[in-house]
Amino acid sequence: MNIVMFGPPAAGKGTQAKRLTAERGLIQLSTGDMLRAARTSGSELGKKVAGIMDRGDLVSDEIVIALIEEQLDANKGAPGFIFDGFPRTVEQAKALDASLQARGQELDGVVRLCVDDNVLLGRIEKRFKEEGRKDDNPESFKIRLANYHKQTAPLLPYYAAQGKLTEVDGLAEIDTVAASIAKVLDMQMAGEEKATKPWWKRIFGS
Ligand code: AMP
């Protein structure tokens with residue numbers, strides 16, 4: 001099962017993706033984590049993206065698409081992936097569709113965590129104080145949020161048109177959000193099983 005965890009920065013995508021990894025064995029692919037790891041390692045890629053990330057801008061589509069493809073190949077045979085912070089542009093979404101298709105897979109669903117901008121600003125102030133992430137400072141965060149609305153939100157109609165989009169209230173407690181997501185995924189799995197199982201197995205059991 002391949003799922004995109006969708007939402008603005010600080011909506012709780014990473015937290016929920018980690019829970020799905022623990023509960024369902026899905027592999028979390030967070031492009032933000034990959035880019036931060038590249039910076040920590042001091043690689044050329046890390047140096048190239050540092051300034052862009054600290055400003056709150058998006059790195060190029062080519063870079064993140066290559067990172068995702070590398071991970072898809074490194075995790076062949078995985079039970080599924082949760083894409084966290086990717087895709088963030090329509091170009092990236094199209095590339096993801098193509099990459100999965102080339103590997104005989106597809107995206108099963110997109111879970112959107114709906115959170116108010118004002119709540120995000122409050123959350124990020126707290127995270128900045130606790131973790132000190134450079135791009136969580138108020139100026140960078142405003143740019144990240146603006147980039148989300150301008151470049152990432154257009155993915156919503158893209159996925160809605162594919163019938164893959166489900167919305168979840170991201171303002172609720174972490175456990176409540178997790179339960180809502182679990183319900184969405186269980187319904188999705190039941191639907192897929194129904195669609196792929198022959199009629200005699202559906203009636204008489206497996
Ligand atoms: P995140 O931890 O997902 O908020 O990502 C932190 C930063 O990494 C973003 O503000 C971007 O600069 C960069 N980044 C992460 N994922 C992407 C992506 N899919 N496309 C472009 N830039 C990204």
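As the structure lists them, so they are numbered: ligands from 1, and atoms in each ligand from 1.
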ask   = What protein heavy atom sits nearest atom 6 (C) of ligand 1, and how far off is it?
value = R36 NH1, 3.5 Å
Atom CD1 of I143: over 12 foreign heavy atoms under 6.0 Å = yes
inquiry  = One pair to check against side-chain contact (heavy atoms from CB on, under 4.5 Å): V59 and T31. What are the steps and the verdict?
reply    = CA-CA 10 Å; V59 308; T31 38; over 6 Å; no
ask   = Is the shortest distance from a heavy atom of R133 to ligand 1 less than 4.0 Å?
value = yes
ask   = Cluster question for you: counting only ILVMFWY and a side-chain heavy-atom cut-off of under 4.5 Å, with indirect links fine, are L26 and F81 together?
value = no
ask   = Which residue owns the protein heavy atom closest to atom 14 (N) of ligand 1, what's the atom, and how far is it?
value = L35 CD1, 3.5 Å
inquiry  = Could you identify the single nearest non-hydrogen protein atom to atom 22 (N) of ligand 1 and state the distance to 0.1 Å?
reply    = V59 N, 3.1 Å
remark   = The single option from D136, D57, D117, D54 that satisfies salt bridge (Lys or Arg N to Asp or Glu O under 4.0 Å) with R144 is D136
note = Heavy-atom closest pair (I65 atom, A95 atom, distance to 0.1 Å) is CD1-CB, 3.4 Å
ask   = Can K13 be said to touch ligand 1, with heavy atoms closer than 4.0 Å?
value = no
remark   = Looking only at non-hydrogen atoms, the one of R39, M53, R88, Q151 nearest atom 18 (C) of ligand 1 is R88
task = Write out the residue and atom name of the closest protein heavy atom to atom 10 (O) of ligand 1, then the distance separating them to 0.1 Å.
result = R144 NE, 3.8 Å
query = In terms of side-chain geometry, is the basic nitrogen of R36 or D33 positioned less than 4.0 Å from the acidic oxygen of its partner?
reply = yes
key: For D135, the ligand 1 atoms whose distance to one of its heavy atoms is below 4.0 Å   = 6 (C)
inquiry  = I'd like to check whether Q92 has a polar contact with ligand 1, where a contact means an N/O of the residue lying under 3.5 Å from an N/O of the ligand.
reply    = yes
Distance from atom 11 (C) of ligand 1 to nearest protein heavy atom, with residue and atom = D57 O, 3.4 Å
message = Would a single hydrophobic cluster contain both L156 and F86, if residues Ile, Leu, Val, Met, Phe, Trp and Tyr are joined by side-chain heavy-atom contacts under 4.5 Å?
response = yes
